[in-house]
Amino acid sequence: MRNVDLHMHSTVSDGLLRPSEVVALAVRGGVDVLALTDHDDVAGLAEAQAAAAAHGVRLVPGVEISVTWDRLTVHVVGLGIDPAAPALLAGLAAVRAGRVERARRMAASLAAAGIAGAFEGAMAHASSPEMIGRTHFARFLAASGKARSVPAVFKRYLARGKPGYVPHQWAPLEDAVAWIRAAGGLAVLAHPGRYTLGSEGMRRLLTDFRDHGGRSVEVVTSNHTREMVERFARLADAYGLLASRGSDYHGPGESFTAPGMLQPLPASCRPVWHALA
Ligand code: AMP
Ligand code: MN
Ligand code: MN
Ligand code: MN
């Protein structure tokens with residue numbers, strides 16, 4: 001049976017390994033179809049593609065777009081995209097421009113809470129100013145002893161209501177799905193179990209997502225419990241959405257599920273990779 005992992009990050013966004021290293025690690029984990037899905041950027045895909053060819057595995061070109069839906073941050077993965085598609089590139093560039101501006105506000109908010117130099121500190125962990133994100137702030141804060149780990153920093157400083165949290169407007173859901181479709185890709189709702197939505201809210205999100213042209217939902221991902229896997233398998237089926245499997249790997253020591261090590265999709269699911277050309 002194939003081992004498919006369609007959600008991973010590299011140093012291009014907030015992963016700890018280079019694109020070629022992510023591919024090599026996935027291959028060691030037995031993965032034979034993989035997607036690199038950096039946040040809001042496709043700059044790692046050429047390197048990943050070359051590494052995948054060298055290892056004889058299939059790389060699905062991907063991206064994970066940051067979206068604001070009903071005041072909630074939601075992530076939409078695009079799979080099988082053409083990384084040179086102009087509409088996608090323009091959309092991603094606009095989202096990245098928002099990252100720099102948000103990071104300045106985060107640093108100001110942290111400074112007001114007595115933590116100076118956070119912008120520069122976070123930048124030391126980021127590949128470029130426009131890719132700066134909360135994970136880079138978390139690594140800076142953990143390295144300067146503000147909390148004992150990256151997840152602990154998130155809890156104390158970066159979650160909603162904490163000193164380093166600032167509200168931010170990402171791309172509209174409709175636009176993100178449209179950019180992915182314009183690039184010939186298939187839109188996947190990432191890690192639905194992570195959103196703080198009741199069952200009615202989740203129904204609205206799935207309806208909107210599908211009505212805008214979304215095709216799939218991540219059923220198996222590292223932060224989903226067995227119950228969530230069952231629940232989203234049922235919801236995918238009810239909404240006519242294909243099922244995806246992806247670790248959301250970020251790097252050694254920060255992600256506890258290595259690429260390819262997740263449970264298989266439930267047998268009832270229609271796998272998204274059957275729809276990828
Ligand atoms: P951003 O897109 O800059 O807001 O950063 C979001 C990223 O932060 C996610 O993709 C995760 O990599 C990371 N993240 C979010 N929440 C947590 C958490 N509680 N613990 C560790 N990492 C987190
Ligand atoms: Mn991330
Ligand atoms: Mn995500
Ligand atoms: Mn991710």
Side-chain angles (χ1 to χ4, degrees), residues 1-9 14-15 22 25-26 28-37 39 58 60 62-67 69-70 72-80 151 154 159 173 176-177 180 185-210 212 214-252 254-276:
M1 204 173 69
R2 275 178 163 179
N3 187 337
V4 180
D5 192 324
L6 299 175
H7 189 155
M8 289 179 240
H9 295 272
D14 59 355
V22 176
L25 183 70
R28 279 205 295 285
V31 174
D32 44 22
V33 181
L34 66 144
L36 182 69
T37 55
H39 298 287
R58 169 148 177 236
V60 175
V63 66
E64 180 176 21
I65 306 181
S66 311
V67 159
W69 176 84
D70 201 21
L72 193 72
T73 298
V74 163
H75 287 173
V76 176
V77 163
L79 295 177
F154 265 92
L173 178 63
V177 174
I180 291 166
L186 216 141
V188 185
L189 183 67
H191 44 63
R194 220 187 272 174
Y195 309 134
T196 47
L197 285 172
S199 53
E200 184 49 39
M202 184 56 69
R203 274 198 287 274
R204 276 200 304 120
L205 173 58
L206 289 169
T207 302
D208 276 5
F209 178 68
R210 185 195 54 193
H212 292 318
R215 292 282 309 281
S216 174
V217 51
E218 262 178 14
V219 169
V220 173
T221 181
S222 57
N223 68 307
H224 277 183
T225 61
R226 271 174 195 285
E227 290 68 34
M228 288 178 189
V229 168
E230 293 307 319
R231 175 172 173 228
F232 290 109
R234 278 196 306 275
L235 284 169
D237 191 43
Y239 285 81
L241 295 166
L242 304 169
S244 190
R245 174 184 192 250
S247 58
D248 202 2
Y249 186 73
H250 281 74
E254 286 190 17
S255 294
F256 301 104
T257 310
M261 298 301 178
L262 299 166
Q263 69 175 94
L265 281 185
S268 62
C269 288
R270 290 187 298 143
V272 69
W273 50 93
H274 292 177
L276 294 166

Next item on the list: Check whether any side-chain heavy atom of Leu6 lies under 4.5 Å from a side-chain heavy atom of Val77, and answer yes or no.
Entry: no
Check: Where is the tightest heavy-atom contact between Gly246 and Asp5, given as atom of each residue plus distance?
Finding: CA-OD1, 3.4 Å
Next item on the list: First locate atom CE of Met202, then atom CZ of Phe209, and finally report the distance between them rounded to the nearest 0.5 Å.
Entry: 11.5 Å
Item checked: For His191, the option from Glu218, Glu64, His7 that meets side-chain hydrogen bond (donor to acceptor under 3.5 Å, both in side chains) -> Glu64
Next item on the list: Could you grab the distance from atom CZ of Arg204 to atom CG of Leu206, nearest 0.5 Å is fine?
Entry: 11.0 Å
Checklist line | Residue pair Val177 / Gly214: nearest heavy atoms and the distance that separates them | finding: CG1-N, 3.8 Å
Note to self: Whether the side chain of Ser216 engages the backbone of Leu242 through a donor-acceptor N/O pair (distance < 3.5 Å, no angle test) should be reported.
What the structure shows: yes
Checklist line | Gap separating the CG atom of Leu173 from the CD1 atom of Ile65, nearest 0.5 angstrom | finding: 10.0 Å
Checklist line | Met228: partners by side-chain contact (heavy atoms from CB on, under 4.5 Å), with sequence neighbours left out | finding: His224, Thr225, Phe232
Next item on the list: Enumerate the residue pairs fulfilling salt bridge (charged side-chain N to carboxylate O under 4.0 Å, His left out) with a member in residues 220-242, sequence neighbours excluded, ordered by first and then second residue.
Entry: none
Notebook entry, point to check: ring pair (Phe, Tyr, Trp, His ring centres under 6.0 Å) with Tyr239: which residues, sequence neighbours excluded?
Noted result: none
Check: Considering all heavy atoms of both residues, which atom of Val219 and which atom of Ala236 are nearest to each other, and what is their separation?
Finding: CG2-CB, 4.4 Å
Margin query: If I take atom OG from residue Ser247 and atom CZ from residue Arg245, how far apart are they, to the nearest 0.5 angstrom?
Written below: 8.5 Å
Check: Under the salt bridge (charged side-chain N to carboxylate O under 4.0 Å, His left out) test, which residues partner Arg28, sequence neighbours left out?
Finding: none
Next item on the list: List the steps and the verdict of side chain to side chain contact (heavy atoms under 4.5 Å, CB included) for Val272 and Arg215.
Entry: CA-CA 8 Å; Val272 69; Arg215 292 282 309 281; over 6 Å; no
Check: So how far is it from Trp69 CH2 to Leu197 CG, rounded to the nearest 0.5 Å?
Finding: 5.5 Å
Notebook entry, point to check: Donor-acceptor pair, Ser244 side chain versus Val217 backbone, under 3.5 Å?
Noted result: no
Item checked: salt bridge (charged side-chain N to carboxylate O under 4.0 Å, His left out) partners of Glu200, counting only residues at least two apart -> Arg203
Checklist line | Test item: Tyr249 and Leu25 side chains (from C-beta on) under 4.5 Å apart, heavy atoms | finding: yes
Name the atoms and distances for all side-chain donor-acceptor pairs under 3.5 Å in residues 254-269, with sequence neighbours left out.
residue	atom	partner	partner atom	Å
Glu254	OE1	Arg139	NE	3.3
Glu254	OE1	Arg139	NH2	2.9
Glu254	OE2	Arg139	NE	2.8
Ser255	OG	His250	N	2.8

Note to self: Given Arg194, which partner from the list Asp248, Thr73, Thr221 fulfils the side-chain hydrogen bond (donor to acceptor under 3.5 Å, both in side chains) test?
What the structure shows: Asp248
Next item on the list: Answer yes or no: is there a side-chain heavy-atom contact under 4.5 Å between Val60 and Val33?
Entry: yes
Notebook entry, point to check: CG/Leu235 to CG/Leu241 distance, rounded to the nearest 0.5 angstrom?
Noted result: 9.0 Å
Note to self: Give me the atom names and distance for the closest heavy-atom approach of His75 to Ser66.
What the structure shows: CD2-CA, 3.9 Å
